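Notes follow once the structure below has been shown.
The chain is numbered in sequence order, starting from 1. Model, not experiment: these values are computed from the prediction.
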Amino acid sequence: MEGVARGAFVAAVGKLDLVSRWMTPFLRVSGESAPRRAIERFLAPFLATGKPTTLQLMGDDPEKIAATARAAAQCGIAGINLNCGCPSNRVVRHRAGGAILADTQKIGRIAQRVKEEIGGLPFSLKFRSGERDWREIEKFLPGLAASPAVDMLFYHCRTVSEAYRDVIGREERFRRCAELAAGKPLVLNGDLDF
């Protein structure tokens with residue numbers, strides 16, 4: 001919903017009561033942690049609806065993401081989500097989104113640092129099956145699912161290289177992800193029209 005979920009659209013959806021909660025488009029955390037004023041501006045349309053709002057962050061620096069999460073937690077959000085799935089070439093070139101799946105230890109460090117900064121708020125991960133082969137999920141998901149810093153998982157069945165193309169075998173991918181999640185709360189998203 002990046003580029004769509006903004007001002008008037010968010011207000012209209014909220015007024016029509018079409019959502020019970022929000023997951024924002026991602027807020028990029030690159031050069032520095034996002035300043036509090038920028039976070040407040042970004043969150044304002046969502047929070048104005050009165051619906052619980054989870055802020056989705058994207059980046060690869062544990063300290064900058066943790067600092068941004070701490071500032072966001074002071075704005076009245078309902079949780080933080082780390083985007084580990086965006087397949088955009090621009091995003092991947094900057095080692096964020098789906099590119100961070102290549103370093104799941106870093107994802108673990110980010111999760112730990114964010115949890116330290118946001119207190120009891122939930123922290124979740126949005127991720128894809130892997131970079132090129134969906135079976136890469138076998139290598140990284142058990143460790144992420146076992147992390148006490150990760151409260152919930154959002155799974156997009158395609159790989160980063162598959163971007164938004166149709167894929168076969170979605171049911172098998174979803175099933176395997178649910179098995180590997182080992183009871184961690186899991187939301188399936190992306191290409192669910194089967």
Side-chain angles (χ1 to χ4, degrees), residues 1-6 22-47 53-119 121-132 136-137 139-141 143-145 147-156 158-164 184 187 189-190:
M1 296 296 286
E2 186 185 18
V4 175
R6 300 278 190 238
W22 292 104
M23 167 89 70
T24 69
F26 54 79
L27 176 65
R28 290 179 185 91
V29 180
S30 51
E32 294 297 322
S33 60
R36 170 87 182 254
R37 223 178 300 176
I39 296 166
E40 289 171 345
R41 259 193 324 273
F42 185 83
L43 290 170
F46 302 98
L47 295 174
T53 300
T54 296
L55 174 62
Q56 185 178 176
L57 298 176
M58 185 166 58
D60 75 331
D61 185 295
E63 295 307 317
K64 293 173 186 171
I65 292 173
T68 301
R70 180 180 59 246
Q74 297 166 1
C75 296
I77 59 168
I80 295 287
N81 175 271
L82 179 66
N83 182 312
C84 304
C86 181
S88 159
N89 288 335
R90 179 177 173 206
V91 168
V92 170
R93 272 195 313 272
H94 288 94
R95 300 179 323 273
I100 200 167
L101 288 175
D103 190 350
T104 54
Q105 289 184 347
K106 182 179 277 188
I107 296 171
R109 288 193 305 276
I110 292 171
Q112 186 59 47
R113 285 293 297 121
V114 168
K115 281 300 270 193
E116 290 168 2
E117 297 296 337
I118 63 173
L121 289 176
F123 175 77
S124 60
L125 296 175
K126 179 180 180 183
F127 62 97
R128 287 182 175 242
S129 291
E131 293 180 87
R132 301 208 171 275
E136 291 172 32
I137 197 171
K139 297 175 190 168
F140 67 81
L141 185 53
L144 294 177
S147 170
V150 178
D151 299 300
M152 186 175 214
L153 301 166
F154 289 80
Y155 173 58
H156 189 297
R158 296 180 185 103
T159 64
V160 175
S161 64
E162 288 169 334
Y164 299 106
K184 185 78 72 170
V187 175
N189 69 73

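Here Leu55 contributes atom CG and Trp22 contributes atom CH2; the two are 14.0 Å apart, rounded to the nearest 0.5 Å. Ile118 CD1 to Arg70 CZ: the interatomic distance, rounded to the nearest 0.5 Å, is 12.0 Å. Interatomic distance, CD1 of Ile65 versus CD1 of Ile110, reported as 4.0 Å (0.5 Å rounding). Atom CG in Leu125 sits 12.0 Å away from atom CD1 in Ile80 (nearest 0.5 Å). Separating the CD1 atom in Ile100 from the SG atom in Cys84 is a distance of 5.5 Å, to the nearest 0.5 Å.
With contacts defined as side-chain heavy-atom distances shorter than 4.5 Å, the pair Ile77/Phe46 does not qualify. Ile137 is listed as a side-chain neighbour of Tyr155, based on a closest heavy-atom distance under 4.5 Å. Side chains of Met152 and Pro122 form no contact here, defined as non-hydrogen atoms less than 4.5 Å apart. Between Val91 and Met58 the shortest side-chain heavy-atom distance falls below 4.5 Å. Within the 4.5 Å cutoff, side-chain heavy atoms of Ile107 are placed close to those of Leu144.
The distance between the ring centers of Phe154 and Phe127 does not fall below 6.0 angstrom.
Checked against salt bridge (charged side-chain N to carboxylate O under 4.0 Å, His left out), Arg109 has no partners two or more places apart in sequence or in another chain. In this view, Gln56 and Met23, Thr24, Phe26, Asn81, Asn83, Lys126 satisfy the side-chain contact (heavy atoms from CB on, under 4.5 Å) rule, not counting sequence neighbours.
No donor-acceptor pair under 3.5 Å is formed between the side chain of Glu117 and the backbone N or O of Arg113. Within the 3.5 Å criterion, the main-chain N or O of Asp151 finds no donor-acceptor partner in the side chain of Ser124. With Lys184 contributing its side chain and Leu153 its backbone, the two residues share no donor-acceptor pair below 3.5 Å. Between the side chain of Lys115 and the backbone N or O of Leu121, at least one donor-acceptor pair lies under 3.5 Å. Arg128 contributes a side-chain N or O that, together with a main-chain N or O of Ala163, makes up a donor-acceptor pair within less than 3.5 Å.
For the pair Lys106 and Pro62, the tightest heavy-atom approach, listed with the atom from each and the gap, is CG-CG, 4.3 Å.
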